[in-house]
**Student:** 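Handing you a structure now.
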Amino acid sequence: MNDETIPASNFIRSIIDADIAANKNQGRVATRFPPEPNGYLHIGHAKSICLNFGIAEDYQGTCNLRFDDTNPHKENIEFVEAIKRDVHWLGYDWGERVYYASDYFEQLYDYAVQLIKKGKAYVCDLTPEQTREYRGTLTKPGKDSPYRDRSMEENLDLFARMRAGEFKDGEKILRAKIDMAASNMNLRDPAIYRIRHGAVHHQTGEAWSIYPMYDFTHCLSDSIEGITHSLCTLEFEDHRPLYDWFLDELEVECHPQQIEFSRLELEYTITSKRKLTRLVEEGRVEDWDDPRMPTIAGMRRRGYPPAAIRDFCERIGVTKSSNNVEMGVLENCVREDLNVHAPRRMAVLHPLKIVIENYPEGQSEELEAPNHPQNEEMGTRRIPFSRELYIDREDFREEAPKKFKRLVTGGEVRLRNAYVIRCDEVIKDGAGDIIELRCSYDPDTLSKNPEGRKVKGVIHWVSAGHAIAAEVRLYDRLFSHPHPDAAKEGGEFTDHLNPESLLTLTHCYLEATLADVLPGGHFQFEREGYFCVDPDHSRERPIFNRTVTLRDSWARIEKKNG
Ligand code: ATP
Ligand code: MG
């Protein structure tokens, strides 16, 4: 990715341009990213982060990180910390501008009191079941609650007693008094406050036993922070009248504009926090940062560079129409970034030993290999060559069709960055399985194209005596269905988990230069793909994760099957 790229315009930027031209908000642009700390961030959130922080950067505005923390039963400090880590890692900085909706609990309480005083809110004693029943349906208007006409004094008293903890959970709620016949169900006297005893909130502890609802909290938090453009996903479109109703009734100083855009949906995975939580809790994946998860933490562990994710978010655009994106688009962004930045190395994933019989025993030499085929500035490294090597089993066939360009019995192949070898003999065990190849090398073939020499293929290798043994984890898509959520065949999204999403190879051999790498380091294992060093990696137990294959192998499979 080119960091200098001018961001593509979109309808939200057009709205902002027009607002600036009209000097709305005195030309100020203030956005926010408002996660609920009830899970880890995923690729969908990355879209929202890039949009909100990106707009703030480009318009010299501000972007707040605001935790939307009104549900203490589901939220916790681990999630708060993980969210901060992930936003930073993606490349964005909120500076001092980190806020919590819970910072405003006292103010929000006062706003609720104001609504009661205006006759625009009441305490309701209907049970949750009754409330549902009274609400009506899309085709049937709701019915007024029998508590709707309580006096202002009674409402004030009851609300104060709700706060004081006098009532049980669910016994009473505070509701906005709007219109039980509204065609928009969100306006049928929505709840503003509910009672929640016994929760210890990660910010406010046990100070509160009533908690404000999302719709009430969100617009007022935006207003308190002086947000100008409140960007959210389309499912909130029907909530916008309520967003505006609260701000109009309360006559606040700042009335932000809510603008909706479509959620990112990525094929072969899910972007629902609730479902991702299930995968973690049911042990279907290792944890939130399992490299197969579409979480930012998972993608980091998988080896996706943050710049590739930003590039992806830029490419998919921001619109109101559905944003269903092929996994290949994200993987291509990752490939393009790593192709430029990842040094090349050799690693043998399915080792087959070969002995070069005309190479002296006990001898070795160092050959020079470029770290990047197109970028000389990345320099070279020295790799040991000796009598005993490993090549990949896949690169040898006893007999093979003409188009097989690798090693066959009696045939020649070039070892990458080294000599041409010939396979002279195949050694098998009692069961007939190949355990070793006897080969010979041509010492005059070190330079790339010695005269009159035609060798069809080039394969990778490592020196057996120098290589390091490592575990390599091959990750694939988490689901085998492009839309696990909507799949007709299965009862549940978990029915479509891909049983082959992780293949662990415990006996791989890597070139010796990979002995001193640090977690997070990226490499291209030549002819195999891009790999990164796992956080659990140590010198004693090296672990590498496959980030992405060299080519989009799924596109081919789909063509074949389709
Ligand atoms: P929940 O399932 O808990 O409602 P959520 O995905 O809406 O989850 P939030 O923590 O409320 O989670 O999201 C923070 C912000 O990220 C919101 O503004 C939300 O609109 C945005 N966001 C969430 N998912 C996506 C997505 N798939 N694409 C784009 N933006 C998203
Ligand atoms: Mg949400």
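Counting convention: from 1, in listed order, for ligands and their atoms alike.
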**Student:** Heavy atom of Asp68 under 4.0 Å from ligand 1?
**Tutor:**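 False for this residue.
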
**Student:** Heavy atom under 4.0 Å from ligand 1: found in Pro34's side chain, backbone, both, or neither?
**Tutor:** both

**Student:** Is it true that Glu75 and Lys273 have a side-chain N and a carboxylate O under 4.0 angstrom from each other?
**Tutor:** no

**Student:** Would Lys275 pass as a cation-pi partner of Phe493, given that its NZ or CZ must be under 6.0 Å from the six-membered ring centre and within 45 degrees of the axis?
**Tutor:** yes

**Student:** Is Leu264 in polar range of ligand 1, meaning some N or O pair under 3.5 Å apart?
**Tutor:**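 For ligand 1, there is an N or O atom that lies under 3.5 Å from one belonging to Leu264.
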
**Student:** Should you measure from each heavy atom of Ser48, which atoms of ligand 1 turn up under 4.0 Å away?
**Tutor:**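 Listed by number with element: 16 (O), 21 (C), 30 (N).
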
**Student:** Give the single entry among Cys50, Cys313, Gly44 that approaches atom 26 (C) of ligand 1 most closely by any heavy atom.
**Tutor:** Gly44

**Student:** Does the N or O separation between Ser262 and ligand 1 drop below 3.5 Å for any pair?
**Tutor:**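 In fact, backbone or side chain, Ser262 has no N or O that close.
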
**Student:** Could you tell me if Arg335 sits above the aromatic ring of Tyr530, with its cationic atom closer than 6.0 Å to the ring centre and no more than 45 degrees from the axis?
**Tutor:** no

**Student:** For the residue pair Arg66 and Tyr99, would you count it as a cation-pi contact if the rule is NZ or CZ under 6.0 angstrom from the ring centre and within 45 degrees of the ring axis?
**Tutor:** no

**Student:** Identify whether NZ of Lys or CZ of Arg in Arg300 sits under 6.0 Å from the centre of the six-membered ring of Trp89 and within 45° of that ring's axis.
**Tutor:** yes

**Student:** If we set the cut-off at 4.0 Å for heavy atoms, which region of Ile43 has an atom near ligand 1: side chain, backbone, both, or neither?
**Tutor:** neither

**Student:** Minimum distance, heavy atoms only, to atom 1 (P) of ligand 1: which one of His42, Arg274, His45, Lys273 is it?
**Tutor:** Lys273

**Student:** Any atoms of ligand 1 less than 4.0 Å from a non-hydrogen atom of Thr233? List them with their elements.
**Tutor:** 19 (C), 20 (O), 29 (C), 30 (N), 31 (C)

**Student:** For Arg148, is there an ion pair with Asp189 - N to carboxylate O distance below 4.0 angstrom?
**Tutor:**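 Between Arg148 and Asp189 there is a salt bridge, with a charged N closer than 4.0 Å to a carboxylate O.
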
**Student:** Numbering the atoms of ligand 1 from 1, which are under 4.0 Å from a heavy atom of Asn38?
**Tutor:**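 In order of number, 3 (O).
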
**Student:** Around atom CD of Glu282, are there more than 12 heavy atoms from other residues, nucleotides or ligands closer than 6.0 Å?
**Tutor:**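 Counting neighbours around CD of Glu282, more than 12 heavy atoms of other residues, nucleotides or ligands fall under 6.0 Å, so yes.
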
**Student:** Which residue is it: Tyr92, Trp94, Tyr59? I am looking for the one with a ring pair (Phe, Tyr, Trp, His ring centres under 6.0 Å) to Phe53.
**Tutor:** Tyr92

**Student:** Quick check: does Arg263 get an N/O under 3.5 Å from an N/O on ligand 1?
**Tutor:**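 It does: an N or O of Arg263 is found under 3.5 Å from an N or O of ligand 1.
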
